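For reference, the structure discussed in these notes is given below.
As a basis for the values below, the full set of heavy atoms in this structure was taken, side chains included, without hydrogen atoms, waters or symmetry mates. Note that the numbering runs from 1 along the sequence shown for the chain. Every value quoted in this text rests on a predicted model; they were computed, and no experiment measured them.
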Amino acid sequence: MRVALLGPVAWRTPPHHYGPWEQVTGLLAEGLASRGVDVTLFATLDSVTSAQLDGVCPRGYADDPDLDGRVWEAMHVSYALARSAQFDVVHSHLDWLPLAFAEHCRAPLVTTVHGFSGPGILPAYGRARSSYVSISDADRAPQLDYVATVYHGVDAGGLPFSSEAGLGLAAFGRIHPDKGTHTAIEIARRAGRPLTICGIVQDERYFAEKVAPHIDGERVVFLGSVGPRRRAEVLGGSTALLHPIAFAEPFGLSVVESMVCGTPVVAYRRGSMPEVVDEGVTGFLVSTVGQAVDAVTRVAGLDRAECRARALQRFSADRMVSGYLAVYDQLVQG
């Protein structure tokens, strides 16, 4: 089988720091290649992969102000679709743009919906000649038909198990009201625990008004966007990951990464969280700050080894690869 993976080009694949879509696409490329699939990854030309690498974008446009993301993403999609007749399946991990040109794709097109940026982009999905894969059952638009739900997988080798929990808590993700960073600070304060925050600042005003005033280097530490090694250290060394989201989270990659390190999660019961978190095994689901503070106390009673085992059972990269191979087989045979 010849598979084209159409990856995003905001960052390198895999990303140096932030870039969840690039991270997942890179893991999938590695997994497919290890199983003998003839896979070509269309990504930035500085990407690192065992698959065949192709593309036109020299590096991630989010890292280079001289690159206009709109222009380079359009050229990236155009270039990949021009080669589409050479493949049995084209698998897009981009947003809506490839769907606008789906009629130019000369192979079955499947799109992983990593999340909708807003309802305004749904017409592109509804009109395109593409099959769709959701990353959680909760993140399905009723207007679309889906061929499968395939949960994201993670690289267990890059997330070593930590049997000993530190006293502190962690909060990972975009610094944005959706992610509830200010709520995590309040939970940690009321629980009497230090908090380490990691992530890109996506909303500067929110950061300046709701987050920065609490950063003191002791009770609240801000590390910014961190690479894989530091991410594993922070997650593995924490009592729990706080995930008090204020929106319907499509999946929550950092949640799974934390659980694989053995660190349970205290998450708000929104979006995909009831699917991803196994109550009383890999963490607790809550609805209020008070419930979260109570959960921080109870989380120490969870078995960290069992937390990791359950997370690997459900969210390994190998399981993700198997899920997508089943989708490809279905499309090719159909």
Audit row: E257, Q23, side-chain contact (heavy atoms from CB on, under 4.5 Å) steps and yes/no: CA-CA 12 Å; E257 291 175 335; Q23 181 179 334; 2.9 Å; yes
Show the numbers, then the answer: is there a side-chain contact (heavy atoms from CB on, under 4.5 Å) between V296 and L242? CA-CA 9 Å; V296 168; L242 300 181; 4.0 Å; yes
side-chain contact (heavy atoms from CB on, under 4.5 Å) between E233 and R229, worked out: CA-CA 6 Å; E233 291 174 353; R229 179 177 298 180; 3.9 Å; yes
Can F222 and V220 be said to form a side-chain contact (heavy atoms from CB on, under 4.5 Å), step by step? CA-CA 7 Å; F222 176 61; V220 178; 5.9 Å; no
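Counting only distance, with no hydrogens or angles, the side chain of Y268 and the backbone of V289 share a donor-acceptor pair below 3.5 Å. E22 contributes a side-chain N or O that, together with a main-chain N or O of W11, makes up a donor-acceptor pair within less than 3.5 Å. The backbone N or O of M75 sits nowhere less than 3.5 Å from a side-chain atom of S78 that would complete a donor-acceptor pair. Within the 3.5 Å criterion, the main-chain N or O of R2 finds a donor-acceptor partner in the side chain of D88. Judged by distance alone, with hydrogens and angles left aside, the side-chain atoms of T239 form a donor-acceptor pair with the main-chain N or O of G166 at under 3.5 Å. Side-chain atoms of R193 never come within 3.5 Å of backbone atoms of R190 as a donor-acceptor pair (strictly under, hydrogens ignored). Checked by atom type and distance alone, the side chain of S238 never pairs as donor or acceptor with a backbone atom of L241 at under 3.5 Å. Remark: side-chain polar atoms of Q143 are not paired, donor with acceptor, to backbone N or O of L122 under 3.5 angstrom. Between the side chain of H76 and the main chain of G7, a donor-acceptor pair closer than 3.5 Å is present.
Here M320 contributes atom CE and I135 contributes atom CD1; the two are 11.5 Å apart, rounded to the nearest 0.5 Å. Between L41 atom CG and T49 atom OG1 the span is 5.0 Å, to the nearest 0.5 Å. Atoms CG and OG1, on L235 and T263 in that order, are 6.5 Å from each other to the nearest 0.5 Å. Rounding to the nearest 0.5 angstrom, the gap separating the CD atom in Q202 from the CG atom in D178 is 8.0 Å. Atom CZ of residue F172 and atom OG1 of residue T196 lie 8.0 Å apart, to the nearest 0.5 angstrom. From L99, atom CG reaches atom CZ of R129 across 11.0 Å, with rounding to the nearest 0.5 Å.
Hydrophobic clustering keeps Y18 apart from V154 (ILVMFWY residues linked when any side-chain heavy atoms are closer than 4.5 Å, directly or through intermediates). Hydrophobic clustering keeps I245 apart from V299 (ILVMFWY residues linked when any side-chain heavy atoms are closer than 4.5 Å, directly or through intermediates). Two different hydrophobic clusters hold W21 and V255 under the rule that ILVMFWY side chains link at heavy-atom gaps under 4.5 Å. When hydrophobic clusters are built by joining Ile, Leu, Val, Met, Phe, Trp and Tyr residues whose side-chain heavy atoms come closer than 4.5 Å, directly or via intermediates, I121 is grouped together with L6. V39 and L325 end up in the same hydrophobic cluster when Ile, Leu, Val, Met, Phe, Trp and Tyr side chains are linked at under 4.5 Å.
The ring-ring contact (aromatic ring centres under 6.0 Å, His included) test with Y125 is passed by exactly one of Y146, F116, W96: F116.
Looking at heavy atoms from C-beta onward, I215 lies in side-chain contact with F207 at the 4.5 angstrom threshold. Annotation: side chain of D63 is not in contact with side chain of R12 (no heavy-atom distance under 4.5 Å). For the pair L302 and C307, the minimum side-chain heavy-atom distance is 4.5 Å or more. Contact check for P274 versus R269: side-chain heavy atoms found under the 4.5 Å cut-off. Looking at heavy atoms from C-beta onward, E249 lies out of side-chain contact with V276 at the 4.5 angstrom threshold. You'll find the side chain of S84 reaches within 4.5 Å of the side chain of R106, heavy atoms only. At least one side-chain heavy atom of T149 sits under 4.5 Å from a side-chain heavy atom of S134. Side-chain contact between S272 and D139 is absent, with no heavy atoms from C-beta onward closer than 4.5 Å.
When the shell of 6.0 Å around CD of E164 is examined, it contains 12 or fewer heavy atoms from other residues, nucleotides or ligands. Residue R319 places its CZ atom among 12 or fewer non-hydrogen atoms of other residues, nucleotides or ligands, all under 6.0 Å distant. The 12-atom threshold is exceeded at CZ of R298, counting heavy atoms of other residues, nucleotides or ligands nearer than 6.0 Å. Annotation for D145: atom CG does not count as buried by contact number, only 12 or fewer foreign heavy atoms lying within 6.0 Å. Y79 OH: more than 12 foreign heavy atoms inside a 6.0 Å radius.
Residues T25 and T13 have side chains that never bring a donor and an acceptor to within less than 3.5 angstrom of each other. Between the side chains of T44 and D46, at least one donor-acceptor pair of N or O atoms lies under 3.5 Å.
Taking both residues in full, the closest heavy atoms of V89 and A107 are given as N-CB, 4.4 Å, listed atom of the first, atom of the second, then distance. Here the closest non-hydrogen pair linking S258 and P264 is OG-O, 4.1 Å. Shortest non-hydrogen contact noted between L312 and A156 is CD2-CB, 3.5 Å. Annotation for E218 and P194: closest pair O-CB, 3.8 Å, computed over non-hydrogen atoms. Taking both residues in full, the closest heavy atoms of P244 and A184 are given as CG-N, 3.6 Å, listed atom of the first, atom of the second, then distance. Closest of all the heavy-atom pairs between G153 and L253 is O-CD1, 4.4 Å.
Ring geometry for H91 versus Y324: interplanar angle of 30 to 60°, hence tilted. Between H176 and Y206, the ring planes are tilted. Angles from 30° to 60° get that label. Taking the six-membered ring where the residue is Trp, H152 and F251 present perpendicular rings, their angle passing 60° and hence far from 30°.
Within the structure, salt bridge (charged side-chain N to carboxylate O under 4.0 Å, His left out) pairs that include any residue of residues 205-214 comprise R205-E209 (at least two apart or interchain).
A salt bridge links R310 with E306: the closest approach of a Lys/Arg side-chain nitrogen to an acidic carboxylate oxygen falls below 4.0 angstrom.
Applying the salt bridge (Lys or Arg N to Asp or Glu O under 4.0 Å) test to R219 and every residue at least two apart in sequence or in another chain returns nothing.
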